[in-house]
**Student:** 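Structure in structure tokens, see below.
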Number of protein chains: 2
Amino acid sequence: MESDEEKEEPMSTGEAEGRKPRADVLRNRASILEVAQRHFLAHGFGTSLESVAKEAGVGPGTLYRHFPTREALLAAVLQLRSEELVARRAELTQVADPDEALRQWMRTLEDYFSAFSGLPEPLMVAAREREPENPLTLPCDNLIATTEEYLKAAQLKGHARSSIRGYDLFLAAISVAWLKGTGAADDASLTALRTIVETGYSSGSPRQVRKR
Amino acid sequence: MESDEEKEEPMSTGEAEGRKPRADVLRNRASILEVAQRHFLAHGFGTSLESVAKEAGVGPGTLYRHFPTREALLAAVLQLRSEELVARRAELTQVADPDEALRQWMRTLEDYFSAFSGLPEPLMVAAREREPENPLTLPCDNLIATTEEYLKAAQLKGHARSSIRGYDLFLAAISVAWLKGTGAADDASLTALRTIVETGYSSGSPRQVRKR
DNA sequence: TGCGAAACGGAGTCTACCTCCGTATATATG
DNA sequence: CATATATACGGAGGTAGACTCCGTTTCGCA
């Protein structure tokens with residue numbers, strides 16, 4: 001299927017496609033993504049894809065050709081939002097205290113995962129099955145690896161328990177995000193849960209819980 | 001199947017109905033519940049209700065007359081399983097250490113909530129909306145109240161943090177159950193998460209217990 | 001044994017998913 | 001500019017499950 005025939009301009013924006021990018025393809029893709037993001041935000045991951053297609057001004061066939069599965073569409077939307085994560089990581093290099101950096105990264109993950117309801121579930125499926133054809137597997141793995149980095153630093157130079165793995169914290173963050181997404185937890189409960197998690201993964205040495 | 005011989009005495013469990021309980025009604029209800037429980041266990045809360053009706057030997061109309069909503073069916077199935085909780089509470093009266101009792105109660109909740117996948121979501125909706133017409137609201141409130149009891153005891157005579165509320169622990173238990181239900185957490189991760197939670201809601205040794 | 005109320009069940013409607021394929025179009029070529 | 005062809009479009013249509021409505025059946029009671 002994949003025939004690498006690079007004619008000209010092999011240097012593209014990363015995706016090395018050897019042929020011709022049609023104009024309407026790009027337009028439709030962008031339109032679908034924009035609408036999908038809005039619908040995901042408004043109605044959650046389970047929103048009707050037909051309504052997305054209709055509002056984007058394309059037929060269902062076009063939507064499914066661009067994004068064969070709901071997860072593929074999600075992955076593309078998340079890609080749009082991922083720059084936020086990159087920016088956050090850059091900011092966190094300024095934080096000297098590794099415990100504080102880990103804490104803020106966990107909060108960043110939580111916000112990212114609770115952007116719209118129903119997001120945690122497909123991520124967990126990806127994390128569990130680890131199948132390469134699932135478009136969410138790669139971003140998921142990246143987030144886990146990043147969490148591992150922050151955790152390692154906090155274990156080495158901070159107060160994080162050595163028995164914890166990065167994957168565990170990833171799961172903790174996504175669980176809190178899920179909880180937040182259900183809407184059943186008010187601010188007080190979310191704060192309490194976050195404190196429970198933070199206290200729990202830190203070792204028992206004197207801790208000061210600083211707000212924000 | 002199993003027919004509860006309670007015809008003679010009108011001393012029922014609260015429903016003061018002075019009329020006639022039809023035989024096929026009871027038979028169908030029991031059959032639906034038995035099949036529904038198996039399907040929930042096997043395929044999760046999202047299982048096809050039509051398949052439940054078919055396997056129970058009734059039409060869709062009958063199923064929906066007995067249980068107008070999916071949540072109503074769930075509530076009835078949970079009612080079946082609630083004796084397990086009652087038994088557990090009886091056992092826990094034997095546990096002297098209130099911290100240990102709370103810990104075991106949390107574990108009981110977790111097991112109860114992770115009986116089948118998709119169970120946490122409707123419970124969270126019930127916990128959030130608190131609408132009396134939702135058949136899950138009452139059992140949900142009961143569980144929260146019970147958790148509050150164990151927590152109170154652990155706060156008074158044990159080492160539980162005073163800043164935690166029973167509702168927070170209820171949310172924590174249901175979050176862990178959700179995580180377990182996704183299948184993405186192996187035993188090691190679940191143990192780690194449970195430890196995080198337990199450590200988090202307990203005050204550390206050097207911590208002030210605030211024992212008046 | 002008959003009667004009326006209560007329950008049954010399945011046909012029907014609705015919504016959403018997803019695919020297939022005839023048609024339209026953007027790009028490349030003469 | 002005209003034509004050719006690969007490529008993409010889009011909607012009709014099949015599938016599945018949720019939920020309802022109502023003619024028919026069944027049960028309990030007298």
Side-chain angles (χ1 to χ4, degrees), chain A residues 1-3 5-9 12 15 17-33 35-36 39-40 42-74 76 118 121-122 133 135, chain B residues 1 3 5-8 10 15 17-33 35-36 39-40 42-74 76 118 121-122 125 133-135:
Chain A
M1 289 293 267
E2 302 297 329
S3 66
E5 288 193 45
E6 307 292 319
K7 278 181 137 185
E8 283 140 279
E9 326 184 4
S12 187
E15 298 95 23
E17 286 300 323
R19 290 302 307 262
K20 38 201 168 181
R22 238 170 95 157
D24 51 352
V25 171
L26 269 52
R27 182 161 25 88
N28 283 332
R29 182 186 160 91
S31 173
I32 290 169
L33 279 181
V35 175
H39 279 232
F40 282 163
H43 311 114
F45 179 56
T47 191
S48 159
L49 294 190
E50 293 210 326
S51 69
V52 170
K54 188 177 297 182
E55 190 171 326
V58 303
T62 297
L63 189 150
Y64 283 100
R65 193 174 330 101
H66 280 269
F67 307 102
T69 66
R70 186 179 286 269
E71 283 72 28
L73 179 56
L74 174 62
E121 285 82 354
E133 61 264 30
Chain B
M1 302 295 183
S3 67
E5 302 295 327
E6 277 188 319
K7 286 185 167 182
E8 308 298 327
E15 299 97 23
E17 286 302 320
R19 311 285 3 120
K20 38 201 166 180
R22 239 171 95 158
D24 51 351
V25 171
L26 269 51
R27 182 163 23 88
N28 283 332
R29 181 186 160 91
S31 173
I32 290 170
L33 279 181
V35 174
H39 279 233
F40 281 162
H43 311 115
F45 180 56
T47 192
S48 160
L49 294 190
E50 294 211 324
S51 68
V52 170
K54 188 176 296 180
E55 191 172 324
V58 302
T62 297
L63 189 150
Y64 283 100
R65 193 174 328 101
H66 280 270
F67 307 102
T69 67
R70 187 179 286 268
E71 283 70 30
L73 180 55
L74 174 62
E121 284 83 353
V125 172
E133 62 263 31
N134 186 332

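Source: prediction; values computed, not measured. So you know, we letter chains A, B, ... as the sequences are listed, proteins then strands, and number each from 1.
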**Student:** Assign each of Leu49(B) and Ala23(B) to its nearest nucleotide of DNA chain D by heavy atoms, then name whichever residue's nucleotide is nearer the 5' end.
**Tutor:**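 Its nucleotide being nearer the 5' end, the pick is Leu49(B).
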**Student:** Looking at every heavy atom in both Ala76(B) and Leu33(B), which two are closest together, and how far apart are they?
**Tutor:**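 Nearest heavy atoms, Ala76(B) then Leu33(B): CB-CD2, 3.5 Å.
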**Student:** Nearest whole Å is fine: how far is dG17(D) P from Leu63(B) CG?
**Tutor:**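 Result: 14 Å.
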**Student:** What is the distance, to the nearest angstrom, from the NZ atom on Lys54(B) to the P atom on dA16(D)?
**Tutor:**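 Going from Lys54(B) (NZ) to dA16(D) (P), I get 10 Å.
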**Student:** Who pairs with Arg70(B) by side-chain hydrogen bond (donor to acceptor under 3.5 Å, both in side chains), at least two apart in sequence or on another chain?
**Tutor:**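 So Arg70(B) forms no side-chain hydrogen bond (donor to acceptor under 3.5 Å, both in side chains) with any residue.
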**Student:** Can you tell me the distance, in whole Å, between the NE2 atom of His39(A) and the P atom of dA16(C)?
**Tutor:**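 About 12 Å, once rounded to whole Å.
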**Student:** Quick one: list whatever passes side-chain contact (heavy atoms from CB on, under 4.5 Å) with Arg65(A), sequence neighbours left out.
**Tutor:**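 Once residues adjacent in sequence are excluded, the partners of Arg65(A) under the side-chain contact (heavy atoms from CB on, under 4.5 Å) criterion are Thr62(A).
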**Student:** Is there a side-chain contact between Pro122(B) and Leu74(B) in this structure, where contact means two heavy atoms from C-beta onward sitting under 4.5 Å apart?
**Tutor:**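 Contact flag for Pro122(B)/Leu74(B) side chains = yes.
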**Student:** Please list all pairs passing the ring-ring contact (aromatic ring centres under 6.0 Å, His included) test where one or both residues lie in residues 45-72 of chain B, with sequence neighbours left out.
**Tutor:**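 Every ring-ring contact (aromatic ring centres under 6.0 Å, His included) pair that includes a residue of residues 45-72 of chain B, provided the two are not neighbours, is Phe40(B)-Phe45(B).
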**Student:** Using whole Å, report how far CG of Leu73(B) lies from P of dC19(D).
**Tutor:**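 Rounding to the nearest Å, CG of Leu73(B) and P of dC19(D) are 11 Å apart.
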**Student:** Which parts of nucleotides 2-11 of chain C does protein reach within less than 4.0 Å, heavy atoms only, written one letter per nucleotide 5' to 3' as B for base, S for sugar-phosphate only and - for none?
**Tutor:** ----BSBBBB
**Student:** Has Ser48(A) got a side-chain N or O lying under 4.0 Å from the OP1 or OP2 atom of dT15(C)?
**Tutor:**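 For dT15(C), OP1/OP2 do not have a side-chain N/O of Ser48(A) under 4.0 Å.
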**Student:** Does dG17(D) have OP1 or OP2 under 4.0 Å away from a side-chain N or O of Ser51(B)?
**Tutor:**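 No, because none of the side-chain N or O atoms of Ser51(B) sits under 4.0 Å from OP1 or OP2 of dG17(D).
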**Student:** In this structure, which stretches of DNA chain D are paired as stems of three or more consecutive Watson-Crick or G-U pairs, both distances less than 3.5 Å?
**Tutor:**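 As far as DNA chain D goes, consecutive pairing (with distances under 3.5 Å) yields the stems C:1-30 with D:1-30.
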**Student:** Distance check needed: dC17(C) P versus Phe67(A) CZ, whole Å only.
**Tutor:**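 Atom-to-atom, Phe67(A) to dC17(C), this comes out as 15 Å.
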**Student:** Can you name the nearest heavy-atom pair linking Ala56(A) to Ser31(A), along with the distance?
**Tutor:**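 Looking at all heavy atoms of both residues, the closest pair is O-OG, 3.1 Å.
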**Student:** Taking side-chain contact (heavy atoms from CB on, under 4.5 Å) as the definition, give me every residue that meets it alongside Glu50(A), ordered by chain and number, with sequence neighbours left out.
**Tutor:**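 With sequence neighbours excluded, Glu50(A) shows a side-chain contact (heavy atoms from CB on, under 4.5 Å) to Ser48(A), given in chain and number order.
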**Student:** Please, which pairs that meet salt bridge (Lys or Arg N to Asp or Glu O under 4.0 Å) have at least one residue in residues 21-33 of chain A, sequence neighbours excluded?
**Tutor:**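 Only Arg22(A)-Asp24(A) qualify under salt bridge (Lys or Arg N to Asp or Glu O under 4.0 Å).
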**Student:** Could you state the atom-to-atom distance from OH of Tyr64(A) to P of dC21(C) in whole Å?
**Tutor:**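 Checked: the OH to P distance equals 18 Å.
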**Student:** Do the non-hydrogen side-chain atoms of Ile32(A) and Leu73(A) ever get within less than 4.5 Å of each other?
**Tutor:**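 Ile32(A) reaches Leu73(A) side chain to side chain.
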**Student:** Could you tell me whether Thr69(B) contacts a base, only the sugar-phosphate backbone, or nothing, with contacts defined as non-hydrogen atoms closer than 4.0 Å?
**Tutor:**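 Counting heavy atoms under 4.0 Å across all strands, no contact is made by Thr69(B).
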